[in-house]
Amino acid sequence: SIGAVFLSFVFSALSARRPKTGGPHTYVEDAFGKTAAFYVAWGYWVLSWVSNAALVVGAIGYTSSIFGGISPFATFLLEAGLIIGIAGINLYGLQIAGRFEFIITVLKLIPLVAVPAIALFYIKFENFVPFNGSTVSDFSAINATALLTLWAFIGLETGTVPGTDVENPKKNIPRGILIGTLIAAFVYIIGTVAIMGVVPRAELLQSKAPYADLATLLFGGYWGIPVAIVAAICCIGALNGWTMVVGRIAFGAANDGLFPAIFKGTTKDGAPFWGIIISSLCSIPFVALSMSESLLKQFNFIIDFSLTLVLVIYLACIAAYFTILKRDQKLTVKAMFVGGISLVFSLWTLWGASPVMLMWSFVILLAGVPVLLWQKRGQGAI
């Protein structure tokens with residue numbers, strides 16, 4: 001959480017100085033030029049719609065558990081339908097999508113905060129002993145979980161993507177990034193402390209639904225269905241947010257001459273039409289990977305290297321942060337401290353990624369080379 005907060009300070013500083021639609025790539029372009037910016041935009045765009053596929057699978061998976069077994073083909077149709085439905089909401093513009101996101105956020109935050117808050121009165125401190133129940137050192141155990149834990153904070157930078165679509169962006173975007181990250185950190189910490197403090201360790205080791213187990217211990221009865229509904233709402237909310245973002249990543253990149261001009265198209269409400277449509281269609285084949293057990297392993301692999309790729313993008317943005325602030329003569333001791341902690345945290349977290357994941361992350365970046373060359377050719381650069 002501390003590392004994520006420092007990263008949010010970095011993106012807040014960048015967005016306050018350069019509020020522009022597109023997000024991370026705009027800062028890299030300002031610092032290092034169009035070629036570096038293209039790779040950041042390409043990688044960020046790809047990992048966004050790949051990650052959307054995971055959210056869709058999660059939402060329908062939780063929902064189908066309520067109604068019993070659903071055939072793989074019917075599941076796929078529901079998943080594709082959810083992608084199309086959320087894309088349709090976002091085509092009505094940022095304001096409609098934002099209102100929908102606000103409602104979803106309230107619906108999921110109430111149970112995620114209320115249940116742990118009640119549980120704090122029933123904590124048994126002996127459940128926290130031993131501090132490290134693994135067979136490795138404390139440092140090794142923390143290293144092993146750092147990469148997975150950061151996954152919960154991925155998206156802290158998405159507040160920068162709408163750019164000038166936001167009212168008073170120099171003020172509201174940094175505020176939104178920081179407050180959003182702090183709220184997420186609070187929810188994660190109170191939930192973790194409550195679950196570990198109430199659910200016995202032996203049960204927690206085997207648990208597949210910790211919040212449901214916590215609610216059952218507190219209130220009795222069967223909590224699988226309510227928790228499944230909340231989990232599905234969480235996934236749908238995240239899908240809506242990322243759909244809102246992924247279309248604008250491509251839109252911003254196209255306006256900067258990095259992506260094909262087709263992505264510049266908008267609806268009458270100002271939504272990036274082709275950015276949303278093409279990104280959503282790209283998610284559907286990856287959703288199909290969950291239809292069989294063998295393909296599911298490939299699907300999980302894709303999600304794993306997406307996390308590695310976003311850390312590479314974070315490092316590029318931290319480098320842009322130092323470059324831009326130094327050029328603007330704003331690289332104060334405080335700014336250097338914030339950037340330094342963010343850099344060390346990102347490198348440490350990336351250290352937990354396997355060499356295979358790093359390799360595949362760079363393969364995805366290199367897959368954008370034909371698009372880059374096509375753009376440069378069209379602009380007469382080659």
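Numbers here are sequence positions counted from 1. Computed over heavy atoms, backbone and side chain alike; hydrogens, waters and symmetry mates excluded.
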- [ ] Would you tell me whether Ser140 and Ser137 have side-chain atoms, one donor and one acceptor, within less than 3.5 Å of each other?
- [x] yes
Open item on the list: Show every side-chain hydrogen bond (donor to acceptor under 3.5 Å, both in side chains) that has at least one partner inside residues 271-283, sequence neighbours left out.
Closed with: Trp45-Ser279
Task: Pairs satisfying side-chain hydrogen bond (donor to acceptor under 3.5 Å, both in side chains), at least one member in residues 33-42, at least two apart - done: Glu29-Lys34, Thr35-Lys376
Open item on the list: Nearest 0.5 Å, please: how far is CG in Leu350 from CG in Leu358?
Closed with: 5.0 Å
Indicate every side-chain donor-acceptor pair of residues 238-245 with a distance under 3.5 Å to a residue at least two apart or in another chain.
| residue | atom | partner | partner atom | Å |
| --- | --- | --- | --- | --- |
| Asn240 | OD1 | Asn90 | ND2 | 3.1 |
| Asn240 | ND2 | Ala97 | O | 3.2 |
| Asn240 | ND2 | Glu101 | OE1 | 2.8 |
| Thr243 | OG1 | Leu239 | O | 2.7 |

Open item on the list: Do Ile86 and Ile84 land in one hydrophobic cluster if side-chain heavy atoms of ILVMFWY residues count as linked below 4.5 Å?
Closed with: no
Which donor-acceptor pairs under 3.5 Å do side chains of residues 333-345 form with protein atoms, sequence neighbours excluded?
| residue | atom | partner | partner atom | Å |
| --- | --- | --- | --- | --- |
| Ser342 | OG | Phe6 | O | 3.1 |
| Ser342 | OG | Val338 | O | 2.9 |

Task: Ion pair Asp30/Arg17, N-O distance below 4.0 Å - done: no
Under 3.5 Å, sequence neighbours excluded: what are the donor-acceptor pairs made by side chains of residues 174-199?
| residue | atom | partner | partner atom | Å |
| --- | --- | --- | --- | --- |
| Thr181 | OG1 | Ile177 | O | 2.8 |
| Tyr188 | OH | Ala152 | O | 2.6 |
| Thr192 | OG1 | Tyr188 | O | 2.7 |

Open item on the list: Please report the interatomic distance OG(Ser346) to CH2(Trp351), rounded to the nearest 0.5 Å.
Closed with: 15.0 Å
- [ ] Check whether Val136 and Trp348 end up in the same hydrophobic cluster, where Ile, Leu, Val, Met, Phe, Trp and Tyr are linked by side-chain heavy atoms less than 4.5 Å apart.
- [x] no
Open item on the list: Please enumerate all residues that pass ring pair (Phe, Tyr, Trp, His ring centres under 6.0 Å) together with Tyr321, with sequence neighbours excluded.
Closed with: none
Task: Set of ring pair (Phe, Tyr, Trp, His ring centres under 6.0 Å) partners for Phe251, sequence neighbours left out - done: none
- [ ] Check which hydrophobic residues are tied to Phe102 through side-chain heavy-atom contacts below 4.5 Å, counting indirect links as well, and list them.
- [x] Val106, Ile110
- [ ] Go through the structure and list residues passing ring pair (Phe, Tyr, Trp, His ring centres under 6.0 Å) with Phe219, not counting sequence neighbours.
- [x] Trp223
Task: Any pair counted as salt bridge (Lys or Arg N to Asp or Glu O under 4.0 Å), so long as it reaches residues 248-270, sequence neighbours left out - done: Lys20-Asp256, Asp165-Arg248
- [ ] Please write out which residues are connected to Val312 in a hydrophobic cluster, directly or through intermediates, given that two of Ile, Leu, Val, Met, Phe, Trp, Tyr count as joined at side-chain heavy-atom separations below 4.5 angstrom.
- [x] none
Task: Which residues share a side-chain contact (heavy atoms from CB on, under 4.5 Å) with Phe121, sequence neighbours left out - done: none
Open item on the list: When you compare the side chain of Leu7 with that of Glu157, does any pair of heavy atoms fall below 4.5 Å?
Closed with: no
Task: Phe131 with Leu205, same ILVMFWY side-chain cluster at under 4.5 Å - done: no
Task: Joint cluster assignment, Ile118 & Phe125, ILVMFWY side-chain distance < 4.5 Å - done: yes
